[in-house]
> 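Okay, handing you the structure first.
Values below: every heavy atom of this structure, side chains too, minus hydrogens, waters and symmetry copies.
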Amino acid sequence: MPTARNSIRGSITALITPMQSGRVDEASFRKLVAWQIAEGSHGLVPCGTTGESPTLSHEEHMRVVEICVEEARGRVPVIAGAGSNATDEAIALTRHAKSVGADAVLSVTGYYNKPSQEGIYRHFAAIAEAVDIPILLYNIPGRAVVDIAVETMARLSKIANIVGVKDATANLARPTRERATCGKDWRLISGEDITALGYMAHGGHGCISVTANVAPKLCAQFQEACLQGAFEKALQIQDRLAPLHDALFVEPSPAPVKYAASLLGLSTDEVRLPLVPATEVARQRVSEALRAAGIRRA
């Protein structure tokens with residue numbers, strides 16, 4: 001478990017799920033995974049929010065995780081999205097991820113049903129007891145409505161295979177407070193590209209990144225600079241990427257990043273309802289941000 005814990009670091013891409021005519025485009029997904037690794041990404045997350053997990057069937061979800069593990073071939077850790085607001089469903093997805101060779105899972109809080117802190121604790125404790133695989137908590141109150149309190153995280157950190165958190169709160173006080181209560185081995189992973197520099201300066205270990213879908217090399221270089229304490233270099237890369245970080249969330253994700261991926265020939269810009277493709281205004285902003293970052297010239 002310590003080895004798996006320590007491998008969760010750097011630029012970890014929250015992968016899009018390419019689609020074509022309403023179906024998962026497996027060939028494009030395989031190419032995306034291979035390109036991510038070649039460009040220097042330190043880890044991969046299939047079937048997270050950016051991967052449109054809410055609209056994937058169970059069969060599609062499991063297949064995407066399988067393909068990611070197959071293509072990664074152990075070269076970088078695969079942290080499979082396996083969360084649900086139903087504990088039994090989360091356990092089933094976590095068991096599948098372990099069975100196909102994922103290195104860890106990303107597990108979200110109980111969205112919509114709004115559990116109490118005790119309910120949150122029992123939810124994650126039940127998953128950890130059922131499946132012996134490293135679990136990264138996913139704290140995203142903006143989407144899930146509920147927040148994992150620091151005190152609840154401290155309780156969860158005492159469970160051996162709950163190893164850290166993906167923090168999408170944008171609250172830069174959280175890593176310091178969590179390190180104090182959860183211990184120095186607790187993995188602190190940002191879930192916000194635009195605040196990742198500050199998060200890393202507060203002791204973070206990496207970022208699960210949307211932008212890395214289309215700028216994997218730059219995001220990896222940014223994380224490597226942060227991990228080496230070279231924050232002046234990291235700031236230069238941050239300034240270059242900041243317009244893109246913003247543009248990829250100008251409309252509900254992953255529509256903008258899928259449009260960006262389509263411009264780079266990585267996939268179509270197709271998303272599933274209730275999401276819709278990026279509007280013309282968003283497309284213009286994404287195109288300009290890609291050019292500004294030096295990722296696309298035309």
> Is it true that R63 and E70 make a salt bridge, defined as a side-chain N closer than 4.0 Å to a carboxylate O?
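Salt bridge present between R63 and E70.
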
> Can I get a per-line list of side-chain donor-acceptor pairs under 3.5 Å for residues 165-173, giving both atom names and the distance, sequence neighbours left out?
unit_1: K166; atom_1: NZ; unit_2: Y138; atom_2: OH; d: 3.2
unit_1: D167; atom_1: OD1; unit_2: T169; atom_2: N; d: 2.8
unit_1: D167; atom_1: OD1; unit_2: T169; atom_2: OG1; d: 2.6
unit_1: T169; atom_1: OG1; unit_2: N171; atom_2: N; d: 3.1
unit_1: N171; atom_1: OD1; unit_2: A173; atom_2: N; d: 2.9

> How many angstroms lie between atom CD1 of I8 and atom CD1 of I79, to the nearest 0.5 angstrom?
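One finds 4.5 Å between CD1 of I8 and CD1 of I79.
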
> Test of understanding: with side chain to side chain contact (heavy atoms under 4.5 Å, CB included), list the residues that count as partners of R95, not counting sequence neighbours.
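Counting only residues at least two positions away or on another chain, R95 forms a side chain to side chain contact (heavy atoms under 4.5 Å, CB included) with I91, A130, V131.
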
> What pairs with A234 under side chain to side chain contact (heavy atoms under 4.5 Å, CB included), at least two apart in sequence or on another chain?
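In terms of side chain to side chain contact (heavy atoms under 4.5 Å, CB included), with neighbours along the sequence ignored, A234 is linked to L197, F222, A225, C226.
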
> Kindly give the heavy-atom pair with the smallest separation between P216 and Q36, and that separation in Å.
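The answer is CB-OE1, 3.6 Å.
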
> I'd like to know whether V281 forms a side chain to side chain contact (heavy atoms under 4.5 Å, CB included) with T279, so could you lay out the CA-CA distance, the side-chain angles of the two residues, the decisive distance to 0.1 Å, and finally the verdict.
CA-CA 5 Å; V281 171; T279 64; 4.0 Å; yes

> Do P243 and E288 come within less than 4.5 Å of each other through their side chains, counting heavy atoms only?
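A side-chain contact under 4.5 Å is absent here.
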
> With side chain to side chain contact (heavy atoms under 4.5 Å, CB included) as the criterion, how do V108 and T49 come out once you've worked through the C-alpha distance, each side chain's angles and the decisive distance to 0.1 Å?
CA-CA 10 Å; V108 72; T49 307; over 6 Å; no

> From I120 CD1 over to T109 OG1, what is the distance, rounded to the nearest 0.5 angstrom?
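Between atom CD1 of I120 and atom OG1 of T109 there are 6.0 Å.
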
> Do L241 and C219 make a side-chain contact, defined as non-hydrogen atoms from C-beta onward lying under 4.5 Å apart?
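They are in contact (side-chain heavy atoms under 4.5 Å apart), so the answer is yes.
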
> Side chains of S41 and W35: closer than 4.5 Å at any heavy-atom pair?
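They are not in contact (no side-chain heavy atoms under 4.5 Å apart), so the answer is no.
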
> Could you give the distance from NE2 (H123) to OG (S84), rounded to the nearest 0.5 Å?
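It comes to 7.0 Å.
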
> Show the nearest heavy-atom pair for residues G51 and L56, with the distance to one decimal.
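Smallest interatomic distance, heavy atoms only, reads O-CD1, 3.7 Å.
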
> Would you indicate whether the side-chain heavy atoms of L156 and Y121 approach each other to under 4.5 Å?
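Of all side-chain heavy-atom pairs linking L156 with Y121, at least one is under 4.5 Å.
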
> Testing the basics here: between I133 and A102, what is the closest heavy-atom pair and its distance to 0.1 Å?
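Smallest interatomic distance, heavy atoms only, reads CD1-O, 3.7 Å.
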
> Over all heavy atoms of both residues, which pair between P256 and A247 is shortest? Give the atoms and the distance, please.
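It is CB-O, 3.7 Å.
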
> Filter on salt bridge (Lys or Arg N to Asp or Glu O under 4.0 Å), then keep only pairs touching residues 253-265, sequence neighbours left out; what's left?
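Residue pairs passing salt bridge (Lys or Arg N to Asp or Glu O under 4.0 Å), neighbours aside: E52-K258.
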
> About how many Å separate CD1 of I135 and CG of N161, when rounded to the nearest 0.5 Å?
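Separation between the atoms: 4.5 Å.
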
> Output, in order, the C-alpha distance, side-chain angles, deciding distance and verdict of side chain to side chain contact (heavy atoms under 4.5 Å, CB included) for M19 and R272.
CA-CA 9 Å; M19 295 177 184; R272 281 184 176 167; 3.7 Å; yes

> Is the closest side-chain heavy-atom distance between P115 and V146 below 4.5 Å?
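Of all side-chain heavy-atom pairs linking V146 with P115, at least one is under 4.5 Å.
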
> What is the minimum heavy-atom distance between L93 and G83, and which atoms define it?
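So the minimum-distance heavy-atom pair works out to CD1-O, 4.0 Å.
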
> What pairs of residues pass the side chain to side chain donor-acceptor pair (under 3.5 Å) test when at least one of them lies in residues 237-249, not counting sequence neighbours?
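Of all non-adjacent pairs touching residues 237-249, those that pass side chain to side chain donor-acceptor pair (under 3.5 Å) are T211-H245.
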
> If hydrophobic clusters are built from ILVMFWY residues whose side chains come within less than 4.5 Å, do M62 and I67 share one?
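As far as the 4.5 Å side-chain criterion goes, I67 and M62 are not connected within one cluster.
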
> Should L275 and I16 be counted in the same cluster of Ile, Leu, Val, Met, Phe, Trp and Tyr side chains packed under 4.5 Å apart?
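As far as the 4.5 Å side-chain criterion goes, I16 and L275 are not connected within one cluster.
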
> Quick one: list whatever passes side chain to side chain contact (heavy atoms under 4.5 Å, CB included) with A260, sequence neighbours left out.
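Side chain to side chain contact (heavy atoms under 4.5 Å, CB included) check on A260 returns V214, L248, V286, L290.
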
> So which pairs with a foot in residues 96-109 pass salt bridge (Lys or Arg N to Asp or Glu O under 4.0 Å), sequence neighbours left out?
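For residues 96-109, and leaving out neighbouring residues, there are no salt bridge (Lys or Arg N to Asp or Glu O under 4.0 Å) pairs at all.
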
> Where is the tightest heavy-atom contact between A97 and V65, given as atom of each residue plus distance?
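In this case the closest contact between A97 and V65 is CA-CG1, 4.5 Å.
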
> Walk me through it: do E280 and Q284 pass the test side-chain hydrogen bond (donor to acceptor under 3.5 Å, both in side chains)?
CA-CA 6 Å; E280 190 56 42; Q284 183 65 28; over 6 Å; no

> Just verifying a value: how many Å separate I12 CD1 and H42 NE2, rounded to the nearest 0.5 Å?
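Answer rounded to 0.5 Å: 9.0 Å.
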
> With a 4.5 Å cut-off on side-chain heavy atoms, are S267 and L32 touching?
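Heavy-atom side-chain distance check fails, nothing below 4.5 Å.
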
> E129: what forms a salt bridge (charged side-chain N to carboxylate O under 4.0 Å, His left out) with it, not counting sequence neighbours?
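So E129 forms no salt bridge (charged side-chain N to carboxylate O under 4.0 Å, His left out) with any residue.
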
> Is there a side-chain contact between C207 and Y199 (heavy atoms, below 4.5 Å)?
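Side chain of C207 against side chain of Y199, heavy atoms only: no contact under 4.5 Å found.
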
> Salt bridge (Lys or Arg N to Asp or Glu O under 4.0 Å): which pairs involve residues 110-124, sequence neighbours left out?
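Checked against salt bridge (Lys or Arg N to Asp or Glu O under 4.0 Å) - neighbours excluded - the pairs reaching residues 110-124 are E118-R122, E118-R155.
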
> Can you name the residues that form a side chain to side chain contact (heavy atoms under 4.5 Å, CB included) with P277, not counting sequence neighbours?
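Partners of P277 under the side chain to side chain contact (heavy atoms under 4.5 Å, CB included) test: D269, V271, R283.
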
> Name all pairs fulfilling the side chain to side chain donor-acceptor pair (under 3.5 Å) condition that reach into residues 212-221, sequence neighbours left out, sorted by first residue then second.
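Listed once each, the pairs would be none.
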
> I need the full list of salt bridge (Lys or Arg N to Asp or Glu O under 4.0 Å) pairs touching residues 176-197, with sequence neighbours left out, sorted by first then second residue.
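For residues 176-197, and leaving out neighbouring residues, the salt bridge (Lys or Arg N to Asp or Glu O under 4.0 Å) pairs sorted by first residue read R174-E178.
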
> Would you call L264 and L266 a side-chain contact if the rule is heavy atoms closer than 4.5 Å?
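L264 vs L266: side chains touch.
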
> Please walk me through it: do I140 and Y111 pass side chain to side chain contact (heavy atoms under 4.5 Å, CB included)?
CA-CA 9 Å; I140 183 165; Y111 46 89; over 6 Å; no

> I need the S53 OG to E60 CD distance, nearest 0.5 Å.
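Between atom OG of S53 and atom CD of E60 there are 11.5 Å.
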
